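Some notes on the structure that comes next.
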Amino acid sequence: MKELNIEAKVENIPEVTEFIDARLDEIGCPTKIKMQMNIAIDELFGNIARYAYNPEVGPATVRVEVEDEPTAVVVTFLDHGKPYDPFSREDPDVTLSADERSIGGLGFFMVKKLMDDVKYEYKNGQNILSVKKNIN
């Protein structure tokens, strides 16, 4: 497991992405999966940066683990910000036009569609959100 401790700021998204991409490169991750992970990173870390400590800035931890048989990558985001369970919100009705849909929720919906598993828990004063993507 590799870990990055970083301030939860939008301008740190590229550093978080580079950190995770380096691990994906080490295991020969296909470009398509890497792009899907990058979308998830942008959405999830961006949400932490925008909302967890708002209007303040606080710390976040990003962990990357590789599982074997089948090969999968698990990325876990941890923060001590406001508790927020992204599963508490209903999925947007994507059959409606953009004008008819309520604002928000589409990014997390997309993450759930792109990843093979998404988990959230609030434990010991921390939001813990993990996404898993199978590589093979």
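Start at 1 with the first residue, then count along the sequence. The model shown is predicted, which means the values in this text are computed figures rather than measured ones.
For the atom pair SG (Cys29) and CD (Gln36), the distance works out to 9.0 Å, reported to the nearest 0.5 Å. Note: Lys34 NZ to Ile39 CD1 = 13.5 Å, rounded to the nearest 0.5 Å. A distance of 9.5 Å separates CD in Gln126 from CD in Glu121, rounded to the nearest 0.5 Å. We find the CZ-CG distance between Phe77 and Asn47 to be 10.0 Å, quoted to the nearest 0.5 Å.
Hydrophobic clustering places Val75 together with Ile33 (ILVMFWY residues linked when any side-chain heavy atoms are closer than 4.5 Å, directly or through intermediates). Note on Val131: it clusters hydrophobically with Ile27, by side-chain heavy-atom contacts below 4.5 Å among ILVMFWY residues. A chain of hydrophobic side-chain contacts below 4.5 Å, direct or via other Ile, Leu, Val, Met, Phe, Trp or Tyr residues, connects Phe19 to Ile13. In terms of hydrophobic clustering, with Ile, Leu, Val, Met, Phe, Trp and Tyr side chains grouped at heavy-atom distances under 4.5 Å, Ile6 and Ile128 are assigned to different clusters. Hydrophobic clustering, with ILVMFWY side chains joined whenever heavy atoms are under 4.5 angstrom apart, groups Tyr120 together with Leu114.
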inquiry  = For a side-chain contact (heavy atoms from CB on, under 4.5 Å) check, start with the C-alpha distance between Met37 and Leu24, then their side-chain angles and the critical distance, and finish with the verdict.
reply    = CA-CA 9 Å; Met37 289 296 297; Leu24 295 174; 4.0 Å; yes
key: side-chain contact (heavy atoms from CB on, under 4.5 Å) assessment of Lys2 paired with Arg63   = CA-CA 6 Å; Lys2 297 202 176 185; Arg63 292 184 183 146; over 6 Å; no
Verdict with supporting geometry, Leu4 and Val16, side-chain contact (heavy atoms from CB on, under 4.5 Å) = CA-CA 8 Å; Leu4 173 68; Val16 172; 4.2 Å; yes
task = Could you give me the CA-CA distance, side-chain angles and deciding distance for Asp117 and Lys133, then say whether salt bridge (charged side-chain N to carboxylate O under 4.0 Å, His left out) is met?
result = CA-CA 7 Å; Asp117 192 24; Lys133 186 67 180 174; over 6 Å; no
side-chain contact (heavy atoms from CB on, under 4.5 Å) between Leu44 and Leu129, intermediate numbers included = CA-CA 9 Å; Leu44 299 175; Leu129 181 65; 3.4 Å; yes
query = Under the salt bridge (charged side-chain N to carboxylate O under 4.0 Å, His left out) criterion, do Asp21 and Arg23 qualify, and how do the steps go?
reply = CA-CA 5 Å; Asp21 281 353; Arg23 187 67 178 117; over 6 Å; no
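In plain terms, the two heavy atoms of Asn134 and Ala72 that are nearest each other are OD1-CB, 3.5 Å. When every heavy atom of Ile48 is checked against every heavy atom of Ala60, the shortest pair comes out as CG2-CB, 4.5 Å. For the pair Asn127 and Pro83, the tightest heavy-atom approach, listed with the atom from each and the gap, is OD1-CA, 3.4 Å. Between Ser130 and Thr76, the closest heavy-atom pair is OG-OG1, 2.8 Å.
Of the possible donor and acceptor atoms, one in the side chain of Ser88 sits under 3.5 Å from a partner among the backbone N and O of Asp85. His80 places no side-chain N or O within 3.5 Å of a backbone atom of Pro59 that could act as its donor or acceptor partner. In this structure, the side chain of Lys132 does not engage the main chain of Glu67 through any donor-acceptor pair within 3.5 Å.
Side-chain contact between Arg50 and Asn54: absent, with no pair of heavy atoms (C-beta onward) separated by less than 4.5 Å. The side-chain heavy atoms of Pro30 and Ile135, taken from C-beta on, include a pair separated by under 4.5 Å.
Taking the ring pair (Phe, Tyr, Trp, His ring centres under 6.0 Å) definition, one finds that Phe87 meets it with Phe108, sequence neighbours left out.
The number of heavy-atom neighbours closer than 6.0 Å to OH of Tyr122, taken from other residues, nucleotides and ligands shown, is above 12.
Identified under the salt bridge (Lys or Arg N to Asp or Glu O under 4.0 Å) test for residues 71-84, with sequence neighbours left out: none. Applying the side chain to side chain donor-acceptor pair (under 3.5 Å) test to pairs two or more places apart or on separate chains, those with a residue in residues 5-18 are Asn5-Thr61, Glu7-Lys9.
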